[in-house]
Amino acid sequence: MAKRKSAATRKYWLFKSEPSCYSIDDLERDGTTFWDGVRNYQARNMLRDEIQPGDRVLFYHSNADPMAIAGTCEVVKPGYPDHTAFDPASDHYDAKSNPDKPTWFMVDVKLLKKFKQPVTREVLKECEALQDMMLLRKGSRLSIQPVTVEEWQAVHKLAGVKA
DNA sequence: GCCAACGTTGGC
DNA sequence: GCCAACGTTGGC
């Protein structure tokens with residue numbers, strides 16, 4: 001699998017997590033983690049086929065107070081089978097999935113930056129440059145979403161951080 | 001292949 | 001806690 005190394009070919013994404021499940025503070029503690037538990041085919045396809053080492057990720061806290069982009073991370077390992085699907089003890093267990101023919105995939109990410117001031121959903125909604133952002137569309141439930149470079153930059157501007 | 005019923009997500 | 005949007009399931 002070819003690695004993306006240059007900024008020119010880098011892609012940008014947004015990953016959602018409920019902080020009660022896994023937060024940016026957990027990632028700060030761990031440094032690197034595997035992004036398990038995605039059980040949606042559209043998101044799976046991105047994890048398996050599109051997301052590459054060197055790609056950048058906005059870390060979004062969903063179902064939280066406040067809902068916010070809490071920081072960023074970098075993909076360090078491309079898609080590989082999500083072993084939690086085979087573990088009956090896991091919350092993400094999928095009885096129908098088969099280790100010989102994995103259905104669900106995950107990637108590894110490492111923390112890049114925890115924003116000192118998380119960029120809240122409220123602030124995102126007010127930003128002119130983010131009016132088309134998938135995250136802000138009504139009924140948008142995908143937990144893995146593509147982000148444009150312009151959106152990536154706009155979020156950093158709001159965070160007061162160099163992109 | 002259609003579609004109603006159901007379960008989940010996630011903002012409000 | 002509510003409920004709209006969405007994905008999945010299963011009967012036909």
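Both backbone and side-chain heavy atoms feed into the values below; hydrogens, waters and symmetry mates do not. To find a chain, count down the sequence lines: A is the first, B the second, and so on, and within it residues start at 1.
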Same cluster (ILVMFWY, side-chain, under 4.5 Å), V38(A) and M134(A): yes
Validation row: M106(A), T84(A) side chains within 4.5 angstrom (heavy atoms): no
DNA chain B contacts made by residues 85-109 of chain A, counting heavy atoms under 4.0 Å: none
Axis bend over the full length of the helix from dG1(B)-dC12(C) to dC12(B)-dG1(C), computed from five pairs that close each end, to 10 degrees: 10°
Distance in Å, T148(A) OG1 paired with E151(A) CD, rounded so as to fall on 0.5 Å steps: 3.5 Å
Ring centroid separation W104(A) to Y41(A) under 6.0 Å: yes
B/S/- contact track for nucleotides 6-12 of chain B, protein heavy atom under 4.0 Å: -BBBBBS
Residues forming a side chain to side chain donor-acceptor pair (under 3.5 Å) with R141(A), sequence neighbours excluded: none
Sidechain-backbone polar pair: T72(A) side chain, L112(A) backbone, donor-acceptor under 3.5 Å: no
I144(A) side chain near N40(A) side chain, heavy-atom distance below 4.5 Å: no
Set of residues satisfying salt bridge (charged side-chain N to carboxylate O under 4.0 Å, His left out) with respect to D26(A), sequence neighbours excluded: R29(A)
Side chains of T33(A) and V109(A) in contact at under 4.5 Å (non-hydrogen atoms): yes
Any residue meeting salt bridge (charged side-chain N to carboxylate O under 4.0 Å, His left out) with K110(A), in chain and number order, not counting sequence neighbours: none
